[in-house]
Amino acid sequence: MRDTRESRLLLVLLIAIAFALITVDIRGGQESPVDGARQAASAVFGPVENGVAAAVDPIGNAIGAVRDSGERHTRIAALEQENAQLKAELGSDDRNRNRLRELDSMLKTAGAGQYGIKGAQVIAIGAAQGFSWTVTIDVGARDGITRDMTVLNGSGLVGRVTTVGPSTATVLLANDPDFTVGTRMEKSDELGFATGQGDRPLLVQLLNGKAKVKPGDRLVTFGSSADKPFVPGVPVGEVVRVDPAGGGLTRNIYVRPYVGFTKLDIVGVVVQAPRSDPRDAVLPQKPKPAPTVTVTVTPPPPDGQQAADGQQPNMAQQPNTAQQGQNQQNQQGRDQGDATP
């Protein structure tokens, strides 16, 4: 009994310490006192996660092709050539084909926004140091990654780098409740702040309480000072619901993010911001509406009109019959006159 009680007390004590550290970490934010311990843990466990991912990854060279892409003007051409070679090497495996499509999509997004990126692969979901929506990627300080860099994929904004180890980094996803990013509405340029809500749509608080917004409108990142933690023009999502305007200074809208946070694989860390704001150039083209087919149907005439039309031949025949009778009577009169002496 003595050993059992001591074990229970030790378990309770460890749980209490864990919750205390979590509370201190959350309240500390970017200046968290346990950030050093988190980086140390990343340095210890990062190579292990990276090694396991490399052992089971048949497409590691594809990520390396993006990772060492070179200067902006020659990057796209070199990557297209290397990507074509990789396609020939990878064969017809379904998973590899899907990943190649992700890689192609990400390269197009980076090219449209003129973002210089380091390609990476998600090797772990969730960080061992907390309960946030995070992923671990297989690039780190040795690859030029630093804290507060924008992370994207072919669909749009994935998140931002929060912790960097020698060969791995932790990314806070855009749907995390602690994640906030400045946004700009397409065309109208209305500004706001998007906050993650887990598996629910992002909550965006527009600064203009009278802004005209409707479902289907799209948002991109507004950008940060010195392009950290966010570069401008990265697609965020599409409006799905708008709260009624209540006369306040702000207005809430709800946005479905473009990125599927539960199925991340290949991502890109923006290591070089564009020279100028790409504005809405990175947003995908809206699908063209299907042409409307117009069918003209001539209604049949009313029943009354049909009956009248049916009587017209009979009416035309009646004067002819009467005229024939009159002619017969006249002929008989003439015959009688001729017979009288």
Side-chain angles (χ1 to χ4, degrees), residues 50 53-54 57 59-83 86 96 98-125 134-165 167-175 179 181 220-221 223-224 227-237 257-261 263-275 278 281-284:
N50 203 358
D57 182 18
I59 196 172
N61 291 334
I63 309 303
V66 185
R67 190 175 302 158
D68 302 322
S69 56
E71 297 297 329
R72 176 184 284 108
H73 297 292
T74 60
R75 181 176 63 252
I76 300 300
L79 286 174
E80 287 178 349
Q81 182 178 0
E82 293 177 355
N83 196 17
L86 289 169
N96 289 336
N98 291 335
R99 300 182 72 189
L100 283 172
R101 283 195 291 268
E102 292 182 19
L103 180 60
D104 285 339
S105 178
M106 185 178 69
L107 291 176
K108 291 178 182 178
T109 297
Q114 290 298 298
Y115 306 123
I117 62 173
K118 291 284 186 181
Q121 181 188 357
V122 174
I123 57 176
I125 300 175
T134 60
V135 295
T136 302
I137 56 178
D138 63 347
V139 292
R142 295 171 184 169
D143 305 288
I145 306 302
T146 61
R147 187 172 181 174
D148 285 337
M149 284 184 168
T150 306
V151 182
L152 52 78
N153 67 3
S155 300
L157 180 66
V158 172
R160 63 179 177 88
V161 177
T162 56
T163 306
V164 181
S167 59
T168 61
T170 301
V171 178
L172 182 68
L173 302 180
N175 64 335
F179 186 96
V181 58
V220 297
T221 56
S224 306
D227 299 311
K228 284 192 174 183
F230 303 109
V231 294
V234 181
V236 175
Y258 288 124
V259 173
F261 298 105
K263 51 183 179 181
L264 292 171
D265 189 5
I266 296 176
V267 298
V269 182
V270 180
V271 295
Q272 186 177 13
R275 292 192 179 96
V282 190
L283 284 168

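Every value quoted in this text rests on a predicted model; they were computed, and no experiment measured them.
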When rounded to the nearest 0.5 angstrom, what distance separates [atom1] in [X] from [atom2] in [Y]?
X: Asp227; Y: Asp148; atom1: CG; atom2: CG; value: 12.5 Å
X: Phe261; Y: Thr134; atom1: CZ; atom2: OG1; value: 13.0 Å
X: Ile117; Y: Thr150; atom1: CD1; atom2: OG1; value: 12.0 Å
X: Arg147; Y: Arg160; atom1: CZ; atom2: CZ; value: 7.0 Å
X: Ile137; Y: Ile266; atom1: CD1; atom2: CD1; value: 12.5 Å
X: Leu173; Y: Leu264; atom1: CG; atom2: CG; value: 6.0 Å

Taking every non-hydrogen atom, the tightest pair across [X] and [Y]:
X: Asp143; Y: Lys118; value: O-CE, 3.4 Å
X: Pro232; Y: Tyr115; value: O-OH, 2.6 Å
X: Ala112; Y: Pro278; value: O-CB, 4.5 Å
X: Ala169; Y: Val161; value: CB-CG1, 4.2 Å
X: Ser155; Y: Ser105; value: N-OG, 4.5 Å

Donor-acceptor contact below 3.5 Å, side chain Thr170 vs main chain Thr162: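 Not confirmed, Thr170 side chain does not pair with Thr162 backbone.
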Backbone of Gly233 reached by a side-chain donor or acceptor of Thr221 within 3.5 Å: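 Side chain of Thr221 to backbone of Gly233, a donor-acceptor pair under 3.5 Å: yes, one is there.
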Under the side-chain hydrogen bond (donor to acceptor under 3.5 Å, both in side chains) test, residues paired with Arg142 that sit two or more places apart: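 Arg142 satisfies side-chain hydrogen bond (donor to acceptor under 3.5 Å, both in side chains) with no residue once adjacent residues are dropped.
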Partners meeting side-chain hydrogen bond (donor to acceptor under 3.5 Å, both in side chains) with Thr146 (sequence neighbours left out):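 side-chain hydrogen bond (donor to acceptor under 3.5 Å, both in side chains) list for Thr146, sorted by chain: Lys228.
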side-chain contact (heavy atoms from CB on, under 4.5 Å) partner of Gln121, chosen from Thr136, Val267, Asp138: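 The single option meeting the side-chain contact (heavy atoms from CB on, under 4.5 Å) with Gln121 is Asp138.
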Criterion side-chain contact (heavy atoms from CB on, under 4.5 Å) against Asn153, the qualifying member of Leu103, Val158, Val122: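 Result: among Leu103, Val158, Val122, Val158 is the only option passing the side-chain contact (heavy atoms from CB on, under 4.5 Å) with Asn153.
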By side chain to side chain contact (heavy atoms under 4.5 Å, CB included) - contacts of Val220 (at least two apart):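 Side chain to side chain contact (heavy atoms under 4.5 Å, CB included) check on Val220 returns Arg184, Asp280, Leu283.
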Residue pair Val151, Val269: steps toward the side-chain contact (heavy atoms from CB on, under 4.5 Å) verdict: CA-CA 5 Å; Val151 182; Val269 182; 4.3 Å; yes
Partners passing ring-ring contact (aromatic ring centres under 6.0 Å, His included) against Phe179 (at least two apart in sequence or in another chain):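 Checked Phe179 against ring-ring contact (aromatic ring centres under 6.0 Å, His included); matches are Phe230.
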Beyond-backbone contact of Val282 with Thr109, side-chain heavy atoms, under 4.5 angstrom: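 Yes, their side chains come closer than 4.5 Å.
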